[in-house]
Amino acid sequence: MSDIIEKIHGAERLSFEDGAFLMKSNNLLQLGLLADQVKERLHGNNVYFIQNTHLNYTNVCYLQCKLCAFGVKPNHPSSYSLSLDDLKQKFIEMKGKGYKELHIVGGVNPKLPFSYYEDMMTISKQHNPDIHIQAFTAVEIDYLAKVAKIPVEKALERLRKAGLDSILGGGAEIFDPVIRKTISGHKTNASRWFDIHRKTHEIGMKSNASILYGHIEKPEHVIDHLIRLRDLQDETHGFNAFFGFAFQPENTDLAKEFQIENETTGWYDLKILAVARLMLDNFPHIRAFWMLIGKKLAQVALQFGADDLDGTVMEEQIVHAAGNSAAQMIPKQWFIDMIKETGKKPVERDTLYNVIQTYH
């Protein structure tokens, strides 16, 4: 550990071996201290949050990944795809509520034409021109481009023209090919995921990056995942933030197959965030997603390298389909009070981390 500490204090890059050592370490407080030092070096006492809302436009998904409880087949009794009129009504209801970001994600539904996604963007901008649209994972973009029989570059350009402002960091899961195939079957592979984010960055749009942890991965898989992200960030500098998705086992085939009965521990949640902050030296922000790890642990995460608590969130359905019982949203004042309680400074941001207001 002393060699790693010396590297961190000297702002040197950590190796794969360093990362594996950190993932296997039981000295969580040491990890937290180091991660917090890096966080303070980058952001001082600031902790960011955003007023945002989620939209899940369809739960129809032909991928049928074992890790997911949200996607269903078209003939499933709970399947749905929002019509353009439904979407218009939702966009109208968003007016005047202070949202700075609209987060859109759904299933891979081959029945929806490409024009549906373009119209979705256009209608949203008509009613909420100042709300940043952060929409679609690389997996969604991959498949909607295939359905439309157009190159990904063309799909991205057309979506951007219609109103897309940035893309999501989901669908990364785990990049190791064996683990990825086991947990997500024939979902877009790692190299394709990276290629889509690379192309997104090349045309001037930003994105985020993520990991799904707490299933069958090993420490080495986590570090491999982080280093691959770090490598692309060296190349494009297009990622804004990294965050972790804690696996929600309830109602998933993956949990049944591997007899995963429990959600992730708080110990592991904090370790993932701390190690990510130490390994991802070129990522500006590490985000603790309160809906997946809980509000109380998200607050503790601010001492373990996280500098962002995501947002207010509204109408989220994907993690709730896997048994998550967190509230659908929390008010802005909760973020302000909770951050102040930790001795840090609340900073309301937009999607691209432009400061809207600092609360002293």
Side-chain angles (χ1 to χ4, degrees), residues 31-32 35-36 38-54 97-103 105 132 134 166 168-170 206-213 239-246 248 263-264 266 268-277 280 283-316 318-320 324-360:
L31 295 181
D36 196 48
V38 173
K39 180 264 171 190
E40 288 196 2
R41 187 191 303 158
L42 293 170
H43 303 291
N45 218 26
N46 292 344
V47 172
Y48 302 89
F49 71 93
I50 189 171
Q51 291 193 77
N52 66 348
T53 185
H54 283 215
K97 294 187 177 178
Y99 297 129
K100 301 298 187 294
E101 174 187 283
L102 171 58
H103 176 120
V105 64
H132 182 109
Q134 186 169 69
S166 62
L168 302 171
K206 295 289 188 177
S207 67
N208 294 321
S210 65
I211 188 172
L212 181 75
Y213 65 92
F239 290 118
N240 268 332
F242 170 86
F243 55 94
F245 286 120
Q248 307 288 294
E263 295 181 3
T264 56
Y268 194 44
D269 291 326
L270 293 174
K271 180 181 282 191
I272 289 286
L273 290 169
V275 172
R277 179 64 286 167
L280 297 176
F283 269 65
H285 302 281
I286 301 294
R287 188 178 299 172
F289 193 15
W290 64 265
M291 184 171 284
L292 284 172
I293 65 175
K295 293 185 285 186
K296 293 178 180 179
L297 193 63
Q299 189 178 27
V300 177
L302 300 182
Q303 311 290 341
F304 283 77
D307 65 277
D308 189 288
L309 288 175
D310 196 65
T312 50
V313 183
M314 189 75 143
E315 287 196 35
E316 197 289 328
I318 294 177
V319 301
H320 285 84
N324 184 287
S325 58
Q328 284 283 9
M329 72 163 291
I330 53 178
K332 178 171 86 170
Q333 192 61 44
W334 179 86
F335 285 100
I336 296 169
D337 294 342
M338 182 192 67
I339 295 166
K340 282 185 175 181
E341 189 177 20
T342 68
K344 297 184 185 296
K345 187 187 300 180
V347 179
E348 185 178 355
R349 63 171 176 85
D350 65 12
T351 305
L352 302 179
Y353 285 87
N354 297 304
V355 174
I356 294 169
Q357 186 172 352
T358 300
Y359 297 86
H360 297 282

To the nearest 0.5 Å, what is the distance between CG (Asn45) and CD1 (Ile339)? 10.5 Å
Plane angle bin for Tyr353 and Tyr48 - parallel if under 30°, tilted between 30 and 60°, otherwise perpendicular: perpendicular
For Ala246 and Thr264 the tightest heavy-atom approach is CB-OG1, 3.5 Å
Side-chain heavy-atom pair His43, Val347 within 4.5 angstrom cut-off: no
Compare all side-chain heavy atoms of Ile330 with those of Lys295 and state whether any distance is below 4.5 angstrom. yes
Nearest 0.5 Å, please: how far is CG in Leu273 from CZ in Phe242? 7.5 Å
Go through it in stages, so that I can follow the logic: the residues are Leu309 and Leu302, the test is side chain to side chain contact (heavy atoms under 4.5 Å, CB included), and I'd like the CA-CA distance, side-chain angles, deciding distance and then a yes or no. CA-CA 8 Å; Leu309 288 175; Leu302 300 182; 3.8 Å; yes
Taking the side chain as every heavy atom from C-beta outward, state whether Lys344 and Glu40 have any pair of such atoms under 4.5 Å apart. yes
Side chains of Tyr213 and Asp269 in contact at under 4.5 Å (non-hydrogen atoms): yes
Minimum-distance pair of heavy atoms, taken over all atoms of Gly311 and Trp290: O-NE1, 2.8 Å
For Phe283 and Arg277, what are the C-alpha separation, side-chain angles and deciding distance, and is it a side chain to side chain contact (heavy atoms under 4.5 Å, CB included)? CA-CA 8 Å; Phe283 269 65; Arg277 179 64 286 167; 4.2 Å; yes
Can any side-chain N or O of Gln299 pair as donor or acceptor with the backbone N or O of Thr342 at less than 3.5 Å? no
Side chain to side chain, Gln248 and Leu292, heavy atoms closer than 4.5 Å: yes
Side chain to side chain donor-acceptor pair (under 3.5 Å) partner of Asn52, chosen from His132, Gln134, Glu101: Glu101
Applying the side chain to side chain donor-acceptor pair (under 3.5 Å) criterion to Tyr359, which one of Gln333, Lys340, Lys345, Glu348 satisfies it? Glu348
Can you tell me how the ring of Phe245 sits relative to the ring of Phe289, calling it parallel under 30°, perpendicular over 60° and tilted otherwise? perpendicular
For a quick test of reading the model, state the closest non-hydrogen atom pair linking Ser210 to Gly170 and the distance between them. OG-CA, 3.7 Å
As an exercise, state the distance from NZ of Lys39 to NE2 of His285, rounded to the nearest 0.5 Å. 10.5 Å
Considering only heavy atoms from C-beta outward, does the side chain of Asn46 approach that of Asp307 to under 4.5 Å? no
Taking all heavy atoms of Pro331 and all of Thr312, pick out the closest pair and write down the distance. C-CG2, 4.3 Å
List the atom of Leu31, the atom of Ala274, and the distance in Å for their closest heavy-atom pair. O-CB, 3.9 Å
Contact summary for Phe239 and Pro284, nearest pair of heavy atoms: O-CD, 3.6 Å
In sequence, state the C-alpha distance, the side-chain angles, and the governing distance for Lys100 and Ile356, and then conclude on side chain to side chain contact (heavy atoms under 4.5 Å, CB included). CA-CA 10 Å; Lys100 301 298 187 294; Ile356 294 169; 3.6 Å; yes
Side chain proximity check, Ile336 to Phe49, heavy atoms < 4.5 angstrom: yes
Test side chain to side chain contact (heavy atoms under 4.5 Å, CB included) applied to His103 and Ile50, Leu168, Thr53, the passing residue: Leu168
